[in-house]
Amino acid sequence: RPHWPTDRGFHRYFGLISGASNYWRLEPGRKMALEDQPFTPVPGKFYMTDAFTDYAVDRIGEYGGKPDPYFLYLAYTAPHWPLHAWPDDIAKYRGKYKKGWDALRQERHARQKAAGIVNSKWPLTPRDPLVPAWDTVSNPDDFDLRMAVYAAQIDRLDQNVGRVLKKVKDTGQEDNTLILFLADNGGCAEEKIAGEKNASPGPVDSFTSYGRPWANASNTPFRLYKHWVHEGGISSPFIARWPGVIKKGGGLYHGDAHLVDIMATCVDLAGAQYPKTYNGSAVTPLEGQSLRPVFERGARKGHDALYWEHEGNRAVRQGRWKLVSRYPDRWELFDLEADRTELDDLAGRNPDRVGKMTAMYDAWANKCGVIPWNQ
């Protein structure tokens with residue numbers, strides 16, 4: 001119980017206490033809370049994404065017209081597995097993915113380059129060697145359904161984001177409200193989900209994922225997935241909307257940024273002071289940098305270095321250079337300005353840089369208490 005949000009600084013709360021859950025009902029062993037009390041949804045009248053939005057819209061109505069700034073953290077589970085969506089939303093996408101993941105990757109990469117989201121000099125990574133060619137699969141209808149449900153989950157999320165934006169506008173504070181939208185870390189390649197009951201996704205009794213092939217398409221044009229710290233596992237779409245400050249919508253910022261920057265940004269914009277102690281214990285200082293200069297001027301000084309570690313997978317980025325290892329493999333070195341899809345390993349040609357950045361990583365891991373995965 002000490003880890004419930006209302007015990008750790010949030011004044012109000014509605015949502016999951018445990019991890020990923022059925023979107024239609026609360027499974028045995030899973031937990032939800034409303035404020036500081038356990039919550040059990042009513043079956044047949046509940047869908048997780050819609051319910052989160054209902055509560056968020058009510059809170060915006062409650063706090064949005066007050067003079068003090070408020071912070072709303074709306075953490076949708078969509079499109080995390082299990083694949084659950086409303087039938088009408090699924091119907092919009094049924095059959096649209098029978099072109100297959102190979103064609104989809106090519107189409108998405110072309111659109112990304114045309115939009116300026118990715119550099120045209122970065123080649124599309126080869127299809128994951130564990131993913132079959134689309135024209136060899138024996139069950140295209142099943143794969144089409146999986147991706148259709150995944151798309152339907154995102155469609156419903158988009159509808160609900162629209163409800164949130166409308167409520168903010170209704171409070172009269174649209175120009176003065178910063179909205180940050182970002183996604184989880186990379187497409188999920190997990191194929192076997194514990195507790196899977198039905199291979200056909202969508203309804204309440206199913207509990208499955210969309211699998212490695214579609215995750216490979218989701219992560220276009222990058223390598224690997226959630227869990228690893230190559231670009232396919234750590235690159236996240238990030239959108240900022242602040243009409244009173246960001247005057248030109250649709251612009252792109254290609255500088256580095258990290259999740260740690262969000263806390264620093266919120267503290268900066270709210271005029272708050274980050275605490276140095278809490279209940280007599282020292283608080284780890286902020287490591288992030290405010291994104292305010294990016295919103296106001298479109299640029300800022302970047303981080304000296306960024307670091308990652310997850311289950312032995314590790315990386316350090318310094319400017320254009322990224323040193324990364326897929327546990328338990330050796331270090332790889334990439335020039336992200338020339339090769340952000342991480343296809344040309346330069347480690348063997350730059351031993352001095354590898355040594356320097358390895359020492360940087362080791363110092364950071366020691367400071368943060370990272371335990372080597374083999375211990």
Side-chain angles (χ1 to χ4, degrees), residues 1-43 46-78 80-82 157 160-161 164 167-168 171 177-185 194-195 226 236 258-288 290 308-311 367-371:
R1 176 56 197 266
H3 302 291
W4 283 29
T6 52
D7 299 325
R8 296 177 64 86
F10 284 88
H11 298 108
R12 310 289 296 275
Y13 182 74
F14 173 65
L16 284 160
I17 296 296
S18 54
S21 176
N22 194 306
Y23 285 68
W24 302 110
R25 68 185 178 204
L26 194 60
E27 297 283 349
R30 301 294 185 182
K31 296 180 181 180
M32 292 187 72
L34 176 59
E35 314 301 1
D36 61 352
Q37 298 297 318
F39 173 84
T40 301
V42 178
F46 180 85
Y47 182 71
M48 194 77 69
T49 307
D50 297 336
F52 285 177
T53 305
D54 292 342
Y55 185 83
V57 166
D58 286 346
R59 298 292 72 75
I60 294 171
E62 181 178 355
Y63 293 99
K66 295 182 178 181
D68 292 331
Y70 68 94
F71 174 77
L72 173 71
Y73 176 49
L74 179 52
Y76 291 112
T77 52
H80 195 287
W81 50 259
L157 184 151
N160 280 284
V161 169
V164 171
K167 190 62 178 182
V168 170
T171 67
T177 301
L178 171 63
I179 296 174
L180 303 175
F181 178 92
L182 72 158
D184 197 354
N185 47 326
K226 172 185 176 181
S236 174
H258 192 280
L259 190 67
V260 296
D261 295 337
I262 293 179
M263 171 65 83
T265 302
C266 293
V267 170
D268 179 15
L269 297 180
Q273 293 293 321
Y274 197 70
K276 295 183 178 179
T277 62
Y278 180 73
N279 285 346
S281 299
V283 173
T284 302
L286 280 174
E287 292 201 13
S290 176
W308 296 264
E309 191 277 337
H310 180 66
E311 296 187 2
K367 180 186 76 170
C368 296
V370 174
I371 300 173

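Any value given below was found using the heavy atoms of this structure, including those in side chains, with hydrogens, waters and symmetry copies removed.
- Counting all heavy atoms, side chain and backbone alike, R30 lies closest to A20 at CZ-O, 2.9 Å.
- Side-chain atoms of L157 and F181, non-hydrogen and from C-beta on, do get closer than 4.5 Å to each other.
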Pair up each side-chain donor or acceptor in residues 51-64 with any protein partner under 3.5 Å, not counting sequence neighbours, and list the distances.
residue: T53; atom: OG1; partner: T49; partner atom: O; Å: 3.0
residue: T53; atom: OG1; partner: Y76; partner atom: OH; Å: 2.6
residue: T53; atom: OG1; partner: N160; partner atom: OD1; Å: 3.0
residue: D54; atom: OD1; partner: R163; partner atom: NH1; Å: 3.2
residue: D54; atom: OD1; partner: R163; partner atom: NH2; Å: 2.7
residue: Y55; atom: OH; partner: Y13; partner atom: N; Å: 3.3
residue: Y55; atom: OH; partner: E35; partner atom: OE1; Å: 3.1
residue: Y55; atom: OH; partner: E35; partner atom: OE2; Å: 2.9
residue: R59; atom: NE; partner: E62; partner atom: OE1; Å: 2.8
residue: R59; atom: NH2; partner: E62; partner atom: OE1; Å: 3.1
residue: E62; atom: OE1; partner: R12; partner atom: NH1; Å: 3.0
residue: E62; atom: OE2; partner: R12; partner atom: NH1; Å: 2.9
residue: Y63; atom: OH; partner: R12; partner atom: NH1; Å: 3.4

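- Note that the CG atom of L72 and the CZ atom of F10 stand 9.0 Å from one another [nearest 0.5 Å].
- Note that CG of D261 and SG of C266 are 11.0 Å apart. Values are rounded to the nearest 0.5 Å.
- With contacts defined as side-chain heavy-atom distances shorter than 4.5 Å, the pair K226/H310 does not qualify.
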Verify side-chain hydrogen bond (donor to acceptor under 3.5 Å, both in side chains) between D268 and S290, making sure each step is shown before the conclusion.
CA-CA 7 Å; D268 179 15; S290 176; 2.7 Å; yes
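- By the 4.5 Å heavy-atom criterion applied to side chains, P5 and I17 are counted as neighbours.
- For H258, the ring pair (Phe, Tyr, Trp, His ring centres under 6.0 Å) partners two or more places apart in sequence, or in a different chain, are W308.
- Rounded to the nearest 0.5 Å, atoms CE (M48) and CG (N22) are 7.5 Å apart.
- Sequence neighbours left out, not one pair with a member in residues 64-77 passes salt bridge (charged side-chain N to carboxylate O under 4.0 Å, His left out).
- For the atom pair Y73 OH and I262 CD1, the distance stands at 8.5 Å (nearest 0.5 Å).
- For the pair P82 and Y23, the tightest heavy-atom approach, listed with the atom from each and the gap, is O-CE1, 3.2 Å.
- Every residue was checked against the salt bridge (Lys or Arg N to Asp or Glu O under 4.0 Å) condition with D184, not counting sequence neighbours, and none meets it.
- Aromatic ring centroids of W24 and Y47 lie under 6.0 Å apart.
- Residue S236 comes nearest to A183 through the heavy atom pair OG-O, 2.7 Å, listed as atom of the first residue, atom of the second, then distance.
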Any chance you could lay out the side-chain contact (heavy atoms from CB on, under 4.5 Å) test for Q37 and W4, step after step, and finish with the verdict?
CA-CA 10 Å; Q37 298 297 318; W4 283 29; 5.7 Å; no
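- When the ring pair (Phe, Tyr, Trp, His ring centres under 6.0 Å) test is applied to F71, no partner is found at least two apart in sequence or on another chain.
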Which pairs of donor and acceptor atoms, one on a side chain in residues 271-287, lie under 3.5 Å apart (sequence neighbours left out)?
residue: E287; atom: OE2; partner: K367; partner atom: NZ; Å: 3.2

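- Considering only heavy atoms from C-beta on, L182 comes within 4.5 Å of L259 through its side chain.
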